[in-house]
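Heads up: the structure comes next, in structure tokens.
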Amino acid sequence: MENVVYPNHLGIIMDGNGRWAKERGLNRSLGHKAGADNLINLLNYIYKNTSIKVVSLYAFSTENFKRDKNEVDYLMKLFVTLFNSKLESIKKNNVKVVFSGRRENLSKSVLEAMDKTTDDTKNNTKGILNICLNYGGDYEIVDMAKKVAKQVLDGTLNIEDITKEVVSKNLYQDLPPLDFVIRTSGEKRISNFMIYQSSYAEYDFPDTYFPDFDSKCLEESLDNYRKRDRRFGNAK
Ligand code: IPE
Ligand code: IPE
Ligand code: MG
């Protein structure tokens, strides 16, 4: 493991659950369930077999509330189960779970499950799992601007002292920049995922739908990452 270069912060846009289900003649919800089962296996693999420290997951975008109520309700129930029981192995593996997104529009049961998970894992040190739920990268920047503006208005921050560090500290979570973002299902867009943190990220867009994106697929994506020449503006 030591000789292999892993991204420090990996982002996963878990897409294709609906198409996975449709191809099998199943309801979209069953695609989400298959995606959640796959996620647990994938996370256990990542935290056991790689040196990736931070994983950010796109679980539900602010725009996903536009979907059919049945699908949204199913997803919300799935999140509660996921946080209250299925994430147990992650919690036991010393991983700290944090959330990014707006709390408004989330039900009491989802918020309670999120808060309990945050609290249960707050002292864990092996890795960080950042779950983006009711998350929009544009809203994250709007909400950061409001927090910073308040500090300027109440006199605790001078305008001249607004730096990249200050911006980062006032985002939903203060995380290192994303090194690598994988979006499954073949769509080649980022759909409002961590737009500030991904300024220098590498991308991979495998065709596989998320429920089928197993550790072997992940390793293939990581091989693609290792072939990239990350220059950060330097001359070659
Ligand atoms: C991703 O799968 C899961 C969420 C957005 C919550 P989709 O539900 O978007 O699956 P497709 O894109 O319709 O196949
Ligand atoms: C992005 O997927 C959101 C998540 C994976 C949670 P979508 O399926 O919602 O994105 P679009 O609508 O295809 O851009
Ligand atoms: Mg989709």
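Indexing begins at 1, ligand by ligand and atom by atom, following the structure's order. What you see below is based on every heavy atom in this structure, not just the backbone, and it leaves out hydrogens, waters and symmetry mates.
- The set of protein atoms (N, O or S) found at less than 2.8 Å from the Mg ion (ligand 3) reads D15 OD1, by chain and number.
- The heavy-atom pair separating L26 from W20 by the smallest distance is CD1-CZ3, 4.1 Å.
- Surrounding OH of Y74 are more than 12 heavy atoms belonging to other residues, nucleotides or ligands, all under 6.0 Å away.
- Using a 4.0 Å cutoff on heavy atoms, K22 does not count as a contact of ligand 1.
- Atom OH in Y139 sits 9.0 Å away from atom CG in N134 (nearest 0.5 Å).
- In this structure, L218 CG and T184 OG1 are separated by 11.5 Å, a value rounded to the nearest 0.5 Å.
- Around ligand 2 you find I13, M14, D15, Y58, A59, F60, N64, R67, R183, R189, S191, each with a heavy-atom distance below 4.0 Å.
- The aromatic rings of Y172 and Y135 stand perpendicular to each other, their planes meeting at an angle above 60°, with 30° marking the opposite boundary.
- Every pair passing salt bridge (charged side-chain N to carboxylate O under 4.0 Å, His left out) that includes a residue from residues 129-145 is listed here, sequence neighbours excluded: R102-D143.
- Taking all atoms of both residues into account, the shortest heavy-atom contact from V95 to N124 is O-ND2, 2.9 Å.
- By the side-chain hydrogen bond (donor to acceptor under 3.5 Å, both in side chains) test, Y45 pairs with E219, sequence neighbours left out.
- Taking a 6.0 Å sphere around NZ of K91, one finds it holds more than 12 heavy atoms contributed by other residues, nucleotides or ligands.
- The only member of K146, K150, Q151 that meets side-chain contact (heavy atoms from CB on, under 4.5 Å) when paired with N170 is Q151.
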